[in-house]
Amino acid sequence: MEKVKLGNSEIEFRPIVFGGNVFGWTVDEQQSFAILDAFVDMGFSLIDTSNNYSHWVPGHTGSESETILGKWIKKRDIRNKIQIATKVGGRRIDNSKPNLAKDYIIKSVEESLTRLQIDTIDLYQSHYDDLTTGVDETLEAYQHLIQAGKIKWIGASNLSPERIMESLASAEEHNLPSYVAIQPEYNLYDRAKYENQYEQLALDNHLGVITYYSLASGFLSGKYRTIDDVQNAKRVDALRERFNERGIRILDALATVAHNQQVSMTTIALAWILHRPSVTAPIVSATSIQQLEELAKAVEVKLTNQEMELLDSASMP
């Protein structure tokens with residue numbers, strides 16, 4: 001598959017984004033380096049992380065992912081072959097509430113740049129909405145950072161459609177930087193929220209869309225075919241609630257198309273996302289090179305109209 005462009009930005013990449021939440025959490029530094037090496041060797045380039053990954057792990061500060069990624073960038077001297085997307089404003093050990101105030105953003109970007117060992121962040125994203133801070137103040141912070149060469153483009157993750165629209169209007173009215181991309185939860189199982197609230201917004205405003213939870217916490221991977229299979233899984237609650245009539249119908253459709261295409265169910269689940277006209281690319285995470293190879297095959301799969309219809313019908317919200 002050819003490269004895609006992220007919204008109105010100048011960021012172009014093969015349409016798989018690696019999700020760096022696993023660095024320092026489910027994969028150690030050495031394995032993170034190996035997976036990143038393989039990702040780039042496959043022709044991919046956009047890596048997504050956050051300044052608070054992985055704060056949820058006991059004993060972690062929320063700086064682990066950026067730190068490992070930065071060590072890899074420096075050791076491989078690979079900055080000119082990749083694009084880095086990170087986030088600000090989410091919860092951290094030292095910051096229990098979302099924060100998109102100007103002073104906090106300007107402080108946080110310096111910390112992220114230091115950990116990442118780079119001079120400029122390609123895509124800097126508002127991680128969670130801070131309703132105590134006006135959108136103008138947040139965008140003014142981003143304007144300052146763009147003018148200083150600290151960041152290039154901005155995006156939004158987990159902001160409501162109303163706040164995104166408010167931000168886009170403010171950017172136009174006050175000549176401030178505008179979001180070029182959004183990062184919603186979207187997959188074959190979790191369709192309704194994005195399609196009903198965000199999809200037309202993205203299309204109307206030429207926003208890039210990079211989806212997270214692209215495999216529905218592993219539900220769409222094919223690893224779990226019955227509810228008994230998830231009993232020892234890390235995300236058992238999220239998986240168990242999906243084993244309903246609709247969920248099983250989705251798995252059956254995925255299995256059928258995977259058999260037709262002679263690839264894994266994981267590959268088909270990602271290929272379906274890539275065939276959605278409003279989506280730029282899915283975010284994926286892998287804990288092994290073998291997993292990454294399965295995920296990467298999605299960019300080469302061409303689903304037929306009949307296969308798309310089967311998947312669309314089975315997963316209709």
Looking just at side-chain N and O atoms, do [X] and [Y] make a donor-acceptor pair shorter than 3.5 Å?
{"X": "Y124", "Y": "S112", "result": "no"}
{"X": "Y189", "Y": "N244", "result": "yes"}
{"X": "T86", "Y": "E66", "result": "yes"}
{"X": "S167", "Y": "S170", "result": "no"}
{"X": "Q261", "Y": "E307", "result": "yes"}
{"X": "S126", "Y": "Y142", "result": "yes"}

Does any part of the side chain of [Y], heavy atoms only, come nearer than 4.5 Å to the side chain of [X], both counted from C-beta?
{"X": "I82", "Y": "F13", "result": "no"}
{"X": "V17", "Y": "F44", "result": "no"}
{"X": "P282", "Y": "I210", "result": "no"}
{"X": "I154", "Y": "L139", "result": "yes"}
{"X": "F39", "Y": "I47", "result": "yes"}
{"X": "V40", "Y": "S45", "result": "no"}
{"X": "Q125", "Y": "L123", "result": "yes"}
{"X": "W272", "Y": "M308", "result": "yes"}

Donor-acceptor pair, [X] side chain versus [Y] backbone, under 3.5 Å?
{"X": "S214", "Y": "I283", "answer": "yes"}
{"X": "E64", "Y": "T61", "answer": "yes"}
{"X": "S221", "Y": "G218", "answer": "yes"}
{"X": "D48", "Y": "G19", "answer": "no"}
{"X": "T267", "Y": "E294", "answer": "yes"}
{"X": "E173", "Y": "A169", "answer": "no"}
{"X": "T120", "Y": "G149", "answer": "yes"}
{"X": "E12", "Y": "K3", "answer": "no"}
{"X": "Q117", "Y": "K74", "answer": "no"}
{"X": "R14", "Y": "V299", "answer": "no"}

Closest approach of [X] and [Y], non-hydrogen atoms and distance?
{"X": "I11", "Y": "D122", "answer": "CD1-O, 3.7 Å"}
{"X": "I68", "Y": "E29", "answer": "CD1-CA, 4.1 Å"}
{"X": "R249", "Y": "S313", "answer": "NE-O, 4.5 Å"}
{"X": "S288", "Y": "Q31", "answer": "CA-NE2, 3.7 Å"}
{"X": "L36", "Y": "L69", "answer": "CD1-CD1, 3.9 Å"}
{"X": "S32", "Y": "G24", "answer": "OG-N, 4.2 Å"}

Once salt bridge (Lys or Arg N to Asp or Glu O under 4.0 Å) is applied, do any residues pair with E10, and if so which ones, sequence neighbours excluded? none
Check salt bridge (Lys or Arg N to Asp or Glu O under 4.0 Å) between R163 and all other residues, then give those that pass, not counting sequence neighbours.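 Salt bridge (Lys or Arg N to Asp or Glu O under 4.0 Å) list for R163, sorted by chain: D129, E166.
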In the single-linkage hydrophobic clustering (I, L, V, M, F, W, Y; side-chain heavy atoms under 4.5 Å), do [X] and [Y] co-cluster?
{"X": "Y128", "Y": "L207", "result": "no"}
{"X": "V135", "Y": "I182", "result": "no"}
{"X": "I73", "Y": "V27", "result": "yes"}

So the side chain to side chain donor-acceptor pair (under 3.5 Å) pairs with at least one residue in residues 149-158 (sequence neighbours excluded) are E110-K150, N158-Y212
So, taking the atom named [atom1] in [X] and the one named [atom2] in [Y], what distance separates them when rounded to the nearest 0.5 Å?
{"X": "T280", "Y": "I273", "atom1": "OG1", "atom2": "CD1", "value": "12.0 Å"}
{"X": "L215", "Y": "L295", "atom1": "CG", "atom2": "CG", "value": "6.5 Å"}
{"X": "M265", "Y": "L188", "atom1": "CE", "atom2": "CG", "value": "10.0 Å"}
{"X": "H275", "Y": "N305", "atom1": "NE2", "atom2": "CG", "value": "9.0 Å"}
{"X": "S278", "Y": "L203", "atom1": "OG", "atom2": "CG", "value": "5.0 Å"}
{"X": "N205", "Y": "E172", "atom1": "CG", "atom2": "CD", "value": "9.5 Å"}

Take L220 and L254 through the test side-chain contact (heavy atoms from CB on, under 4.5 Å) and record every step on the way to the result. CA-CA 8 Å; L220 303 173; L254 272 175; 3.9 Å; yes
List in chain and number order the residues that pass side-chain hydrogen bond (donor to acceptor under 3.5 Å, both in side chains) with T133, two or more places apart in sequence or in another chain; answer none if no residue qualifies.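 Result, side-chain hydrogen bond (donor to acceptor under 3.5 Å, both in side chains) vs T133: D130.
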Does NZ or CZ of R191 come closer than 6.0 Å to the centre of the six-membered ring of Y186, within 45° of the ring's axis?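 No.
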Option among H127, H55, K87 that satisfies the side chain to side chain donor-acceptor pair (under 3.5 Å) test with S50: H127
If you measure from the Lys or Arg side-chain nitrogens to the Asp or Glu carboxylate oxygens, is any gap between K107 and E111 under 4.0 Å? yes
Tell me whether R242 is salt-bridged to D190, with the criterion being a basic N under 4.0 Å from an acidic carboxylate O. yes
Does a sphere of radius 6.0 Å around [atom1] in [X] hold more than 12 heavy atoms from other residues, nucleotides or ligands, not counting ones at 6.0 Å or beyond?
{"X": "Q290", "atom1": "CD", "result": "no"}
{"X": "Y198", "atom1": "OH", "result": "yes"}
{"X": "M165", "atom1": "CE", "result": "no"}
{"X": "D103", "atom1": "CG", "result": "no"}

Could you list all the salt bridge (charged side-chain N to carboxylate O under 4.0 Å, His left out) pairs where at least one residue sits in residues 32-43, not counting sequence neighbours? D37-R76
Pairs involving residues 238-267, ordered by first then second residue, that meet ring pair (Phe, Tyr, Trp, His ring centres under 6.0 Å) (sequence neighbours left out): F219-F243
Check step by step if side-chain contact (heavy atoms from CB on, under 4.5 Å) holds for L6 and Q83. CA-CA 12 Å; L6 188 65; Q83 298 104 358; over 6 Å; no
Go through it in stages, so that I can follow the logic: the residues are K102 and D136, the test is salt bridge (Lys or Arg N to Asp or Glu O under 4.0 Å), and I'd like the CA-CA distance, side-chain angles, deciding distance and then a yes or no. CA-CA 10 Å; K102 184 175 183 178; D136 290 0; over 6 Å; no
For the residue pair Y53 and W56, categorise the inter-ring angle as parallel (less than 30°), tilted (30 to 60°) or perpendicular (more than 60°). perpendicular
Show your working on side-chain hydrogen bond (donor to acceptor under 3.5 Å, both in side chains) between T49 and S65 and close with a plain yes or no. CA-CA 7 Å; T49 185; S65 177; 2.7 Å; yes
